[in-house]
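Quantities reported herein were computed from a predicted structural model and do not represent experimental measurements. Throughout, a chain's letter reflects where its sequence line sits, starting with A, and its residues are numbered from 1.
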There are 2 protein chains.
Amino acid sequence: MRFMSDELADGRHLLTIGQLADYAGVTIKAVRVYHDRGLLPEPPRDSSGYRRYGAKHAIQLVKIRTLVEAGVPLARIKELLGAGPERFAAALDEIDRNLQKRAEEIRRTRQRIAQLHSGDRLFVSAEVTGYLERLRQIGVSERTVLLERDLWILLQSVAPEQAAAWIADKLAAIADPEFRALYLDYDAAFDWSPDDPRLPALAERTRRWYAGQDGSGAAGPPPDPTITRLAGVAAGASSPAWARIAELAKEVP
Amino acid sequence: MRFMSDELADGRHLLTIGQLADYAGVTIKAVRVYHDRGLLPEPPRDSSGYRRYGAKHAIQLVKIRTLVEAGVPLARIKELLGAGPERFAAALDEIDRNLQKRAEEIRRTRQRIAQLHSGDRLFVSAEVTGYLERLRQIGVSERTVLLERDLWILLQSVAPEQAAAWIADKLAAIADPEFRALYLDYDAAFDWSPDDPRLPALAERTRRWYAGQDGSGAAGPPPDPTITRLAGVAAGASSPAWARIAELAKEVP
DNA sequence: TCGAACCCTGCCCCAGGGGCAAGGTCAAGC
DNA sequence: GCTTGACCTTGCCCCTGGGGCAGGGTTCGA
């Protein structure tokens with residue numbers, strides 16, 4: 001009897017759904033979805049069936065919204081809101097790490113978009129452009145991508161047919177996760193000292209990967225010594241560590 | 001397999017859909033979706049109906065993927081790929097601006113996630129946060145601070161502009177030692193019985209304090225009756241003693 | 001007393017795929 | 001030759017996080 005007016009009067013349930021939504025910067029529809037998904041408890045209704053919200057709902061909604069904007073799926077948010085504070089804190093840490101990762105991805109994507117803009121297309125063939133683009137995509141540093149590009153420019157001017165055959169091999173290789181991992185490790189090794197103890201293992205992995213390819217792909221074109229020397233010299237000159245890897249790989253035939 | 005390299009280099013068609021997808025770091029399903037949406041031309045089929053792709057498809061797919069990762073909708077990508085280079089360049093500029101905006105949003109979201117750990121800051125304005133902080137500083141009980149907080153949340157959702165004007169008054173008032181003393185007495189009176197003999201004196205002091213303010217500061221915003229009632233009712237419902245004070249203050253106009 | 005601005009439920013729609021079914025095909029090893 | 005497993009084909013329904021609209025009822029201010 002007095003029940004309803006008490007609830008209204010004690011300040012717990014005064015907001016309509018529209019006011020609540022405006023406060024949290026959310027649409028009415030979203031609020032109803034959060035009810036459906038069990039994220040936000042259904043508030044009491046007034047005499048005409050309208051939902052009436054209080055400050056606790058507003059707080060909860062802002063929380064939900066913050067997590068949603070951080071990219072947390074609704075199902076996970078529900079789970080988190082029900083969990084204890086230490087679990088919640090741990091989850092927040094992980095969410096923040098994810099956000100950081102996403103920021104990093106955006107940074108890389110922006111670089112790639114920029115390259116898409118003023119393509120390297122002027123200097124190398126479309127195939128090579130695609131290959132370079134792919135390297136950026138998998139996270140290879142811009143420095144190494146530019147080294148690759150310069151190398152291909154040289155190759156294409158010295159021996160266009162060889163270059164065409166090689167780029168085909170590269171396109172096939174880059175589809176192999178093992179090769180991608182190897183490439184990224186090379187990228188990382190650029191700055192290492194030639195004495196770095198990690199280099200022999202990298203050389204061994206390289207040797208094994210090429211062995212695994214034997215007879216299938218790269219064996220085809222007869223290796224023109226001028227060309228291979230060119231490639232080797234170009235790479236070795238840029239990074240002492242890479243030069244050392246080449247040495248190591250040769251030592252164990 | 002040498003054969004394969006030459007064909008690829010020639011732009012002939014020999015990649016299967018799985019190889020193409022692996023190359024671009026995409027699922028087979030996604031490739032088929034891009035066909036359906038008209039982003040990627042359907043390649044020829046081999047004798048058993050399998051799709052066979054060439055280098056051009058691989059390049060196009062990497063391009064598509066780059067744009068998708070930048071958050072461009074598929075429909076827009078289709079449009080862009082068909083457009084001229086100047087239109088394409090303009091679109092890339094806009095896409096990059098979007099990415100920048102998204103990075104900025106992520107930065108802000110990270111801050112809010114950090115605050116989610118502890119702090120009322122997310123739920124009320126910075127001014128209100130400061131006010132609540134000041135209340136705690138002068139020794140107001142946490143219970144009353146939380147009541148205030150809830151009230152401000154409601155106020156900010158119902159009438160943000162009024163709330164902004166009011167909080168300015170409150171910040172001014174809290175600088176007055178007389179008001180601070182009054183507030184602390186209210187805080188202490190929370191638990192008193194409505195019959196407590198000390199209440200009339202408190203009511204009288206309240207009346208006098210408000211009389212002293214008249215015309216000086218608070219005159220600015222015309223007091224919206226709905227809002228003042230809201231505030232009064234909300235407070236009264238929490239503490240019978242406070243409700244009694246409000247009655248007493250009214251009796252002597 | 002009327003129109004504007006709210007609110008209610010229920011239903012279908014979107015992107016960008018994922019997953020599964022129910023087949024056809026191909027290469028390797030025995 | 002036969003099997004096995006990895007690949008390919010089409011077609012269909014499913015998911016998230018809501019948006020939009022229909023077809024009502026309610027409330028408030030002029």
Side-chain angles (χ1 to χ4, degrees), chain A residues 4 8 13-40 42-53 57 61 64-79 172 175-177 215-216, chain B residues 1 3-4 13-40 42-53 57 61 64-80 98 109 157-159 222 224-227 229-230:
Chain A
M4 180 66 73
L8 282 177
H13 306 288
L14 305 155
L15 303 179
T16 66
I17 195 171
Q19 289 170 324
L20 178 78
D22 283 354
Y23 167 72
V26 160
T27 63
I28 290 178
K29 186 71 170 232
V31 174
R32 290 206 268 247
V33 168
Y34 300 154
H35 286 320
D36 289 351
R37 303 283 206 274
L39 294 184
L40 190 62
E42 281 275 0
R45 309 291 179 115
D46 68 14
S47 58
S48 52
Y50 290 10
R51 292 176 180 87
R52 289 292 178 163
Y53 298 87
H57 295 98
L61 183 52
I64 292 169
R65 214 41 209 170
T66 302
L67 291 169
V68 165
E69 266 151 35
V72 184
L74 297 194
R76 181 112 199 276
I77 293 178
K78 178 181 179 181
E79 184 185 313
D176 178 356
S216 71
Chain B
M1 194 73 176
F3 187 16
M4 172 167 178
H13 305 282
L14 41 76
L15 295 180
T16 67
I17 195 171
Q19 291 169 323
L20 178 77
D22 283 353
Y23 163 69
V26 160
T27 64
I28 291 178
K29 186 72 170 231
V31 173
R32 290 207 268 247
V33 168
Y34 300 154
H35 285 320
D36 288 351
R37 302 283 206 274
L39 294 185
L40 190 62
E42 280 277 2
R45 310 291 181 116
D46 68 12
S47 59
S48 52
Y50 291 9
R51 293 176 179 86
R52 289 294 179 165
Y53 297 88
H57 294 99
L61 183 53
I64 291 170
R65 217 39 211 171
T66 301
L67 291 169
V68 165
E69 268 152 34
V72 184
L74 299 193
R76 181 111 199 276
I77 293 179
K78 177 181 179 181
E79 184 185 313
L80 285 185
N98 271 348
T109 301
S157 28
V158 170
D224 176 338
T226 313
I227 308 284
R229 219 178 320 125
L230 164 64

May I ask you to evaluate whether A:Arg65 reaches the phosphate of D:dG18, defined as a side-chain N or O under 4.0 Å from OP1 or OP2?
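Affirmative; the distance criterion is met.
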
Which residues satisfy the salt bridge (charged side-chain N to carboxylate O under 4.0 Å, His left out) test with B:Asp36, sequence neighbours excluded?
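Salt bridge (charged side-chain N to carboxylate O under 4.0 Å, His left out) list for B:Asp36, sorted by chain: empty.
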
For B:Arg32, which residues count as a salt bridge (charged side-chain N to carboxylate O under 4.0 Å, His left out) partner, sequence neighbours excluded?
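None.
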
Let's see if you can work this out: which of D:dC8, D:dG18, D:dG17 has an atom nearest to the side-chain heavy atoms of A:Pro73?
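Looking only at side-chain atoms, A:Pro73 lies closest to D:dG17.
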
Provide, to the nearest angstrom, the distance between the [atom1] atom belonging to [X] and the [atom2] atom belonging to [N].
| X | N | atom1 | atom2 | value |
| --- | --- | --- | --- | --- |
| B:Asp46 | D:dC7 | CG | P | 16 Å |
| A:Tyr34 | D:dG17 | OH | P | 8 Å |
| A:Arg32 | D:dG18 | CZ | C1' | 12 Å |
| B:Tyr53 | D:dT9 | OH | C1' | 12 Å |
| A:Asp36 | D:dC15 | CG | P | 14 Å |
| A:Leu40 | D:dG17 | CG | P | 16 Å |

Distance (rounded to the nearest 0.5 Å) between [X] [atom1] and [Y] [atom2]:
| X | Y | atom1 | atom2 | answer |
| --- | --- | --- | --- | --- |
| B:Ile17 | B:His57 | CD1 | NE2 | 11.0 Å |
| B:Ile77 | B:Leu39 | CD1 | CG | 6.0 Å |
| A:Leu15 | A:Arg52 | CG | CZ | 8.5 Å |
| A:Leu40 | A:Leu20 | CG | CG | 7.0 Å |

How does protein contact run along nucleotides 21-26 of chain D, one letter per nucleotide 5' to 3', with B for base contact, S for sugar-phosphate only, - for none, heavy atoms under 4.0 Å?
----BB

Could you tell me whether B:Arg51 contacts a base, only the sugar-phosphate backbone, or nothing, with contacts defined as non-hydrogen atoms closer than 4.0 Å?
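B:Arg51: backbone/sugar contact only, no base atoms under 4.0 Å.
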
Tell me what B:Arg45 touches on the nucleic acid: a base, only sugar-phosphate, or nothing, going by heavy atoms under 4.0 Å.
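Answer is sugar-phosphate: B:Arg45 comes under 4.0 Å of backbone atoms only.
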
List in chain and number order the residues that pass side chain to side chain contact (heavy atoms under 4.5 Å, CB included) with A:Ala70, two or more places apart in sequence or in another chain; answer none if no residue qualifies.
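Scan of A:Ala70 (side chain to side chain contact (heavy atoms under 4.5 Å, CB included), adjacent residues dropped) gives A:Val72, A:Ile95, A:Leu99, B:Thr109, B:Ile113.
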
Report the C-alpha separation of A:Val33 and A:Leu74 in whole Å, then their side-chain angles, then the decisive distance to 0.1 Å, and conclude whether the side chain to side chain contact (heavy atoms under 4.5 Å, CB included) test is met.
CA-CA 10 Å; A:Val33 168; A:Leu74 297 194; 4.2 Å; yes

Any salt bridge (Lys or Arg N to Asp or Glu O under 4.0 Å) pairs touching residues 64-76 of chain B, not counting sequence neighbours?
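Listed by first then second residue: A:Arg112-B:Glu69, B:Arg65-B:Glu69, B:Arg76-B:Glu94.
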
Between which nucleotides of DNA chain C, 5' to 3', does chain B make heavy-atom contacts below 4.0 Å?
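Answer, 5' to 3': C:dG16 to C:dC26.
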
